[in-house]
2 protein chains.
Amino acid sequence: MTSETDFLKTYKAEDYPIVLVTVDTVLLTYHESELKVLLVKRANHPEKGKWGLPGGFLEQDQDKSLEYAAKRSVIAKTGVTPPYIEQLHTLGSKNRDPRGWSTSIVFSALMPYAASGDFINTVEGVAWVALNGLDELDLAFDHSDSIRIAVERYRQKALYSFIPVFALTQPFTVTDLRKVHEALIGHDIQRKSFIRRVEASGMLKDTGESRTERGRPATLYKTAKGIEGYRFVRNIESE
Amino acid sequence: MTSETDFLKTYKAEDYPIVLVTVDTVLLTYHESELKVLLVKRANHPEKGKWGLPGGFLEQDQDKSLEYAAKRSVIAKTGVTPPYIEQLHTLGSKNRDPRGWSTSIVFSALMPYAASGDFINTVEGVAWVALNGLDELDLAFDHSDSIRIAVERYRQKALYSFIPVFALTQPFTVTDLRKVHEALIGHDIQRKSFIRRVEASGMLKDTGESRTERGRPATLYKTAKGIEGYRFVRNIESE
DNA sequence: CTAATAGTGTCTATTAGACATTATTGT
DNA sequence: ACAATAATGTCTAATAGACACTATTAG
């Protein structure tokens, strides 16, 4: 019988089967009345030249957690720093990558368009792409599946939370936020119903400022602490 | 410039960093008025002798998907065949396993106690353990985190769906199902409210049979197709 | 003044909680 | 009859949808 210490002395990682481990991130935002996802043009094989999600191999040395790896690879590939990141799901199979058994831990987040910097549009090979135009793009690997899953998850959250607020620059108007919810849900929401939820939740603070574009000025709000954990007990109509 | 074919010819998986990839499964059931999780006693290092979730290394040859690997390893370690399995989350970090960078894709499912077979109690090293008694057990790795996350997820689902029905043997009574919901939510639910939901959803079919234990016989129900996708628009009270 | 957008009033419909009442069994 | 459990009746409270109405700005 060996002790755990003895066991570790004789253990060699190379004796175990090798699985490719990558992390990918679905970053979504709302800009010019559209939901958009951040994509990069693949510089290397496989699937070179196709657009795909920012991500890459897990780096054993520098990455101490999966989340760190996801953030690092997004910054490395796009220059964009996501304000937070959460786990979406994990894909993996024998055939999804020609190099062998491969698994990808997929993260997702919403972020304000402005936080990605205006330079984004000038960088070759990095772009915010409208979800509506995605069908025409032949994305790398199974990345379009991950995007679909992320959007579906945020659609659900739009029904019972204010999570979509993370796609906006602060401060924002109630209409701004409602538009993001509408884009996710796929249909209009009653203004009255939406404002009632803003008031009932107490999760949006009136800044006292207002913004005028056309018509009556709109009150500007910012998020209160804990908004990410707030859930309504009743959903908004989903169809 | 090389083609993708050329690239694959010269590609060697061994040149890439090795990450340990395991799958683990949180199987929950409801038995004798308690929620229980299926655990196994670890036969090998590391953490030998501790109780932990059934799971194991991804086997490149036999496993063609993550889900398959999870099911295979549950059956191998426990003899129990889970009727379905879904992805919960993925844990990974540099330090969670002394053998090196390690990641575990965690699956979860609810299943009827009876489906695990009565032999379960006679097998050394495999047991259904009540969640209430888990604190006294020092589980391997971060398995208690995964159990906590699974229970929290099913608690949420108990608020807006009939997913907890998968912990029951069919047919079952409305009270059976309500008890599972109550165990997950942590407090009683109004019988009237619960029955209204059963009727409104149309997801539970009256079998015409009934079961008598003490008092008035209770109607036996079975699930209708699509129950796993059904969501109430309003939640049950959560505290 | 008009157009446009923000925001409110108010009625209805739905559905959960509370809790009393009735129904059906075994002993 | 009585205890135990199942199932229903019914009132109230909360909250979303519908939609008309008022408020405030630019030009």
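Lettering of chains follows the sequences in order, A, B, ..., and the numbering in each one begins at 1.
Atom CG of A:Leu88 and atom CD of A:Glu152 lie 11.0 Å apart (nearest 0.5 Å). Expressed to the nearest 0.5 Å, how far CG of A:Leu159 lies from CD1 of A:Ile236 amounts to 7.0 Å.
Taking the six-membered ring for Trp and thresholds of 30 and 60 degrees, A:Phe194 and A:His181 have ring planes more than 60 degrees apart, a perpendicular arrangement.
In this structure, A:Glu199 places its CD atom 13 Å from C1' of D:dT15, rounding to the nearest Å. Rounding to whole angstrom units, CD1 of residue B:Ile236 and C1' of D:dT15 are separated by 17 Å. Taking atom CZ of B:Arg197 as the reference point, atom P of C:dT14 lies 16 Å away to the nearest angstrom. One interatomic measurement links the two molecules: NZ of B:Lys179 to C1' of D:dT5, which rounds to 10 Å at whole-angstrom precision. Rounded to a whole Å, the CG atom of B:Leu177 is 12 Å from the P atom of D:dA7. As rounded to whole Å, 11 Å separates atom C1' of C:dG7 from atom CZ of A:Arg178. Atom CD1 in B:Ile195 sits roughly 14 Å away from atom P in C:dG17 (whole-Å rounding). Between the CD atom of B:Glu237 and the C1' atom of C:dC19 there is a distance of 14 Å, given to the nearest Å.
A donor atom on one side chain and an acceptor atom on the other are found under 3.5 Å apart for B:Ser116 and B:Trp128. No hydrogens or angles considered: nothing links the side chains of B:Ser161 and B:Arg231 as a donor-acceptor pair under 3.5 Å. Under 3.5 Å, the side chains of B:Ser104 and B:Asp24 contain a donor-acceptor pair of N or O atoms.
Regarding contacts with the backbone of C:dT15, every side-chain N or O of A:Arg234 stays at 4.0 angstrom or more from both OP1 and OP2.
Nucleotide D:dG27: paired with C:dC1 (Watson-Crick or G-U wobble, both distances less than 3.5 Å).
Ring centroids of B:Phe162 and B:Phe232 are separated by less than 6.0 Å, placing the two rings close together.
Here the closest heavy-atom approach between residue A:Ser146 and residue A:His89 is recorded as OG-NE2, 3.3 Å.
Residue side chain A:Arg196 reaches the base of D:dG17 through a donor-acceptor N/O pair under 3.5 Å, judged by distance alone.
The environment of B:Lys179 atom NZ is sparse: at most 12 non-hydrogen atoms of other residues, nucleotides or ligands sit within 6.0 angstrom.
Note on A:Thr173: nothing from the nucleic acid sits closer than 4.0 angstrom, heavy atoms only.
Non-hydrogen atoms lying under 4.0 Å from DNA chain C are contributed by A:Arg191, A:Lys192, all within residues 186-193 of chain A. Shown for residues 201-232 of chain A: residues whose heavy atoms fall under 4.0 angstrom of DNA chain C, namely A:Arg214, A:Gly215, A:Arg216, A:Pro217, A:Ala218, A:Thr219.
Nearest to the side-chain atoms of A:Val174 among the listed nucleotides D:dA14, D:dA6, C:dG7 stands C:dG7.
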